[in-house]
Novice: 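Structure in structure tokens, see below.
The shown structure was predicted, so the numbers you read here are calculated from the model rather than taken from an experiment. Counting starts at 1 for both ligands and their atoms, in listed order.
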Amino acid sequence: MTFEPRLIAEADVTAPQDPFERVAEIDLANVRHNVKRLVALAAPAKLMAVVKADAYGHGALPVARAALESGASWLGTAHVNEALPLRESGIEAPMLAWLHTADTDFESAIESDVDLGVSGWELPAIAQAADNVARTARVHIKVDTGLGRNGATMDRLPSLLMEAAELQAAGKIRVVGVFSHLAVADEPSRPETDDQLRVFREAVEMTEAAGFHLEARHIANTPGTLSRPDAHFDLVRCGIGLYGLSPFLDQSSEDLGLKPVMTLKVRVANAKRVHADQGVSYGLNYKTHEDTVLVDIPVGYADGIPRSATYAPVMIGGKLFRSAGRVAMDQFVMDVGPDEDPAELIGEYAVLFGENGPHVDEWAAACGTINYEIVTRISGRVPRRYVDGGWGLTDD
Ligand SMILES: *Cc1c(COP(=O)(O)O)cnc(C)c1O
């Protein structure tokens with residue numbers, strides 16, 4: 001699945017609150033709450049709101065605006081193509097994009113004042129792009145302090161700094177930051193974070209010794225921000241925390257003082273009585289144990305519901321039920337037991353997760369994945385509805 005950043009026009013954000021058959025409600029008041037909490041925790045370091053992947057499925061533009069209104073200082077995206085629409089929408093805050101390919105539009109990034117993460121190979125391409133548009137590119141050197149993914153190794157860093165110094169002297173680039181990314185900050189007892197921080201401090205020293213004046217040294221993601229004050233430096237880059245979700249397996253949103261932002265709810269499509277031993281959904285892996293009521297929930301893997309979900313929780317009319325059988329492309333089924341009235345269930349809202357429903361973490365457990373993946377996967381087939389402080393859970 002390709003991920004196009006979904007641009008939400010201002011008009012969409014304030015659109016009349018039509019009823020939706022299926023909807024991901026995004027509570028911007030909760031974004032603001034979470035941002036204030038993270039800003040307070042990170043201070044005096046500043047907060048970069050990470051809004052990549054359409055703000056983890058929540059909508060990049062409305063989340064970016066809410067985050068900046070409530071104290072975030074920077075925006076971060078993986079791709080340049082995710083940052084540019086935010087600029088075009090008039091956002092003036094500093095922005096950083098860090099994951100590039102040979103096709104990345106560095107010229108537009110530089111013209112739009114989007115800072116660029118540099119792992120190594122990008123530097124000549126960025127300098128050439130700066131030359132083409134007669135501007136100076138602002139770059140943050142990315143160091144691999146142990147994640148083994150993007151970033152310059154410590155072996156490569158000295159030569160990269162030398163290249164950067166030459167290009168800076170020629171006015172093509174300015175090195176304004178050094179950054180890295182943590183590998184195991186979600187497991188605070190692991191020792192590797194200490195190793196990464198030690199290497200990072202060394203990289204910062206080397207960069208400063210090479211004569212660069214850094215505006216921003218940054219390594220902490222949400223778990224690093226929450227569990228490692230010594231990782232805050234000048235700036236923390238938070239994604240999952242903005243969305244009110246915990247990066248830790250043994251701590252909930254509530255434990256961390258965060259409020260989940262997305263509620264996924266959908267109208268029940270069908271409900272009917274069936275006999276015992278009725279097979280359910282493709283593969284007939286689930287068989288009813290007794291005469292019962294089956295409910296059809298009209299979202300499936302095309303909507304971003306993982307096909308791996310088993311016994312996933314759904315709340316209907318304040319009661320908790322579990323999914324039965326395989327998730328299909330457009331729908332999945334719940335066995336709600338013999339005592340429910342099918343006629344009453346048809347047209348009810350089923351809340352998969354969020355306000356007045358199960359927690360995203362329960363869906364993550366039911367799918368063998370993490371909460372990040374559950375919200376980020378919710379596809380463009382599901383309209384987003386922006387609310388500000390409270391949901392309309394009634395049949396509005
Ligand atoms: C996604 C990402 C983040 C945000 O991570 P969270 O765990 O969601 O806070 C920070 N930095 C980089 C480089 C990232 O790719």
Novice: Can you tell me which residue pairs pass the salt bridge (charged side-chain N to carboxylate O under 4.0 Å, His left out) test with a partner in residues 219-247, sequence neighbours excluded?
Specialist: D194-R228, R217-D234, R228-D230
Novice: Could you check whether any side-chain heavy atom of V50 comes within less than 4.5 Å of a side-chain heavy atom of Y56, counting everything from C-beta outward?
Specialist: yes
Novice: For residues 132-143, which residue pairs qualify under salt bridge (charged side-chain N to carboxylate O under 4.0 Å, His left out), counting only residues two or more places apart or in two chains?
Specialist: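 The answer is D113-R135, D115-R138, R138-E215.
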Novice: Which pairs with one or both residues in residues 137-172 pass ring-ring contact (aromatic ring centres under 6.0 Å, His included), sequence neighbours excluded?
Specialist: W74-H140, H140-H218
Novice: Quick check for students: name every N or O atom pair between ligand 1 and the protein closer than 3.5 Å, with distances.
Specialist:
from	atom 1	to	atom 2	distance (Å)
ligand 1	7 (O)	Y372	OH	2.7
ligand 1	8 (O)	Y56	OH	2.6
ligand 1	8 (O)	I240	N	2.8
ligand 1	9 (O)	T222	N	2.8
ligand 1	9 (O)	T222	OG1	2.5
ligand 1	9 (O)	G239	N	2.8
ligand 1	11 (N)	R237	NE	2.9
ligand 1	11 (N)	R237	NH2	3.3
ligand 1	15 (O)	K52	NZ	2.6
ligand 1	15 (O)	W98	NE1	3.4

Novice: State plainly whether the residues D388 and R32 are in salt-bridge range, i.e. N to O under 4.0 Å.
Specialist: yes
Novice: Does this structure show an ion pair linking E111 with R87, if we count only N-O contacts that are shorter than 4.0 Å?
Specialist: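 No, this pair does not count.
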